[in-house]
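Please read the structure below before turning to the comments.
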Amino acid sequence: MNYCMECGTKLQKKYLEKEGMIPFCETCHTYRFPVFSTAVSMEVLSPDREKVLLIQQYGRDRNILVAGYINQGENAEETVKREVMEEIGVSVSQVHFERSEYYERSNTLMLNFSCVADTERLDNVSETEIDSCAWFPLEEAKWAVAEGSLAGKFLKAFLAGRESASESK
């Protein structure tokens with residue numbers, strides 16, 4: 001953050017005890033800690049956990065995970081359930097945090113979750129938010145997800161975690 005979000009003054013680094021060098025607004029006399037959006041993305045698994053749902057949206061021909069921004073006053077797990085219901089029309093359970101990553105392009109902290117859909121039916125998909133969606137067998141999904149995308153990175157890490165967990169049994 002280079003400028004004060006309140007007055008627009010260029011921020012200067014100033015030492016704050018126990019925090020280090022923090023952006024400071026000389027006009028407002030206030031430290032300005034980083035401000036960013038927070039969103040969730042999810043591996044939506046079929047009820048038998050053998051498939052994952054991938055979507056396409058915004059006119060782009062690439063498969064990604066279901067995702068959405070966290071609303072003020074909402075926790076991340078509630079957002080997972082709301083976003084899947086809004087976009088896909090499916091209820092989910094067994095919401096499990098997987099990992100997080102800061103996504104610089106949109107200044108967003110992405111929280112990745114896995115969850116299990118109550119059905120594979122896709123007859124209530126939002127026509128305004130989703131261009132298309134489909135269930136992919138787990139092995140196929142890693143090749144179908146957009147190469148080099150954050151969705152791909154999350155999905156491949158999720159699948160690798162499943163593989164190592166089944167190998168250790």
Side-chain angles (χ1 to χ4, degrees), residues 1-13 16 19-25 28 30-45 52-92 94-117 122 124-136 138 141-162:
M1 189 158 69
N2 294 319
Y3 295 90
C4 178
M5 62 191 166
E6 296 293 324
C7 71
T9 300
K10 184 160 180 56
L11 298 173
Q12 306 299 318
K13 296 281 184 170
L16 178 60
E19 295 290 339
M21 298 302 287
I22 303 296
F24 184 81
C25 178
C28 298
T30 305
Y31 288 95
R32 297 294 182 198
F33 289 89
V35 176
F36 51 87
S37 300
T38 310
V40 295
S41 73
M42 31 294 191
E43 290 88 17
V44 179
L45 301 173
V52 65
L53 185 69
L54 297 178
I55 67 170
Q56 293 181 356
Q57 60 186 166
Y58 312 125
R60 299 179 82 181
D61 185 26
R62 52 188 250 144
N63 294 314
I64 58 173
L65 299 172
V66 177
Y69 287 96
I70 297 175
N71 290 332
Q72 188 172 4
E74 186 176 53
N75 70 43
E77 293 80 3
E78 291 168 339
T79 304
V80 167
K81 292 177 180 182
R82 177 184 54 77
E83 284 291 339
V84 175
M85 180 56 76
E86 283 178 8
E87 295 186 6
I88 309 302
V90 171
S91 294
V92 295
Q94 300 177 47
V95 177
H96 177 73
F97 176 75
E98 297 294 334
R99 59 186 298 173
S100 64
E101 186 163 323
Y102 176 72
Y103 188 59
E104 189 172 14
R105 285 182 58 193
S106 63
N107 189 35
T108 303
L109 177 63
M110 295 294 298
L111 307 175
N112 180 244
F113 289 83
S114 61
C115 57
V116 179
L122 297 174
N124 290 317
V125 174
S126 170
E127 294 177 12
T128 58
E129 293 196 56
I130 304 296
D131 297 336
S132 67
C133 62
W135 293 101
F136 288 81
L138 297 177
K142 75 170 97 170
W143 306 111
V145 71
E147 186 64 33
S149 67
L150 187 54
K153 189 174 187 178
F154 282 147
L155 178 60
K156 289 172 183 170
F158 170 76
L159 295 173
R162 279 178 57 108

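Residues: numbered from 1 along the sequence shown. Here the structure is a predicted model, which is why all the values come from computation and not from measurement. Computation of the quantities below employed the complete heavy-atom set of this structure, encompassing side-chain atoms and omitting hydrogens, waters and symmetry-equivalent molecules.
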Do [X] and [Y] have side chains that approach each other closer than 4.5 Å (heavy atoms only, starting at C-beta)?
{"X": "Val95", "Y": "Lys81", "result": "yes"}
{"X": "Phe154", "Y": "Leu65", "result": "yes"}
{"X": "Val90", "Y": "Val44", "result": "no"}
{"X": "Leu16", "Y": "Met21", "result": "no"}
{"X": "Val35", "Y": "Asn107", "result": "no"}
{"X": "Ile64", "Y": "Gln56", "result": "no"}
{"X": "Leu11", "Y": "Asn2", "result": "no"}

If you round to the nearest 0.5 Å, how far is [atom2] of [Y] from [atom1] of [X]?
{"X": "Ile88", "Y": "Leu53", "atom1": "CD1", "atom2": "CG", "result": "5.0 Å"}
{"X": "Leu54", "Y": "Ser132", "atom1": "CG", "atom2": "OG", "result": "10.0 Å"}
{"X": "Cys25", "Y": "Met5", "atom1": "SG", "atom2": "CE", "result": "10.0 Å"}
{"X": "Leu155", "Y": "Phe136", "atom1": "CG", "atom2": "CZ", "result": "10.5 Å"}
{"X": "Phe24", "Y": "Phe33", "atom1": "CZ", "atom2": "CZ", "result": "11.0 Å"}
{"X": "Tyr102", "Y": "Thr108", "atom1": "OH", "atom2": "OG1", "result": "7.5 Å"}

Can you sort out the partners of [X] under side-chain hydrogen bond (donor to acceptor under 3.5 Å, both in side chains), two or more places apart, ordered by chain and number?
{"X": "Arg105", "result": "Tyr103"}
{"X": "Asn71", "result": "none"}
{"X": "Arg82", "result": "Glu74, Glu86"}
{"X": "Ser91", "result": "none"}

Please report the shortest heavy-atom distance between [X] and [Y], naming the atom on each side.
{"X": "Cys4", "Y": "Cys7", "value": "SG-N, 3.5 Å"}
{"X": "Glu77", "Y": "Phe113", "value": "OE2-CE2, 3.9 Å"}
{"X": "Ser100", "Y": "Leu109", "value": "CB-CD1, 4.4 Å"}
{"X": "Leu122", "Y": "Ala134", "value": "CD1-CA, 4.3 Å"}
{"X": "Ala151", "Y": "Val145", "value": "C-CG2, 4.1 Å"}

Practice task
May I ask you to decide if Glu129's main-chain N or O and Gln57's side chain share a donor-acceptor pair within less than 3.5 Å?
Solution key: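 Yes: the side chain of Gln57 pairs with the backbone of Glu129.
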Problem - Exam field: side chain Thr79 to backbone Asn75, donor-acceptor pair closer than 3.5 Å - result: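 It does hold such a pair.
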Problem - Full working for side chain to side chain contact (heavy atoms under 4.5 Å, CB included) between Lys13 and Ile22 - result: CA-CA 5 Å; Lys13 296 281 184 170; Ile22 303 296; over 6 Å; no
Problem - Where at least one partner belongs to residues 30-42, residue pairs that pass side chain to side chain donor-acceptor pair (under 3.5 Å), sequence neighbours excluded - result: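 As it turns out, the side chain to side chain donor-acceptor pair (under 3.5 Å) pairs with a partner in residues 30-42, which skip direct neighbours, are Ser41-Asn112.
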Handout entry: Chi angles and distances behind the side chain to side chain contact (heavy atoms under 4.5 Å, CB included) call for Asp131, Arg60
Key = CA-CA 8 Å; Asp131 297 336; Arg60 299 179 82 181; over 6 Å; no
Practice task
Start with the C-alpha gap between Ile70 and Val40, add the side-chain angles, then the distance that decides, and say whether side chain to side chain contact (heavy atoms under 4.5 Å, CB included) holds.
Solution key: CA-CA 7 Å; Ile70 297 175; Val40 295; 4.0 Å; yes
Exercise for the section: Give a yes-or-no answer on whether the side chains of Ser126 and Glu87 include a donor-acceptor pair shorter than 3.5 Å. Expected result: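 No, no side-chain donor-acceptor pair sits under 3.5 Å.
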Problem - Criterion side-chain contact (heavy atoms from CB on, under 4.5 Å) against Phe158, the qualifying member of Glu43, Arg99, His96 - result: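 It is Glu43; the other options fail the test.
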Problem - Of all pairs that satisfy salt bridge (Lys or Arg N to Asp or Glu O under 4.0 Å), the ones with a partner from residues 143-161, not counting sequence neighbours - result: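 Qualifying pairs, neighbours excluded: Glu101-Lys153, Glu147-Lys156.
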Handout entry: Worked verdict on Trp135 versus Val52 for side chain to side chain contact (heavy atoms under 4.5 Å, CB included)
Key = CA-CA 5 Å; Trp135 293 101; Val52 65; 5.7 Å; no
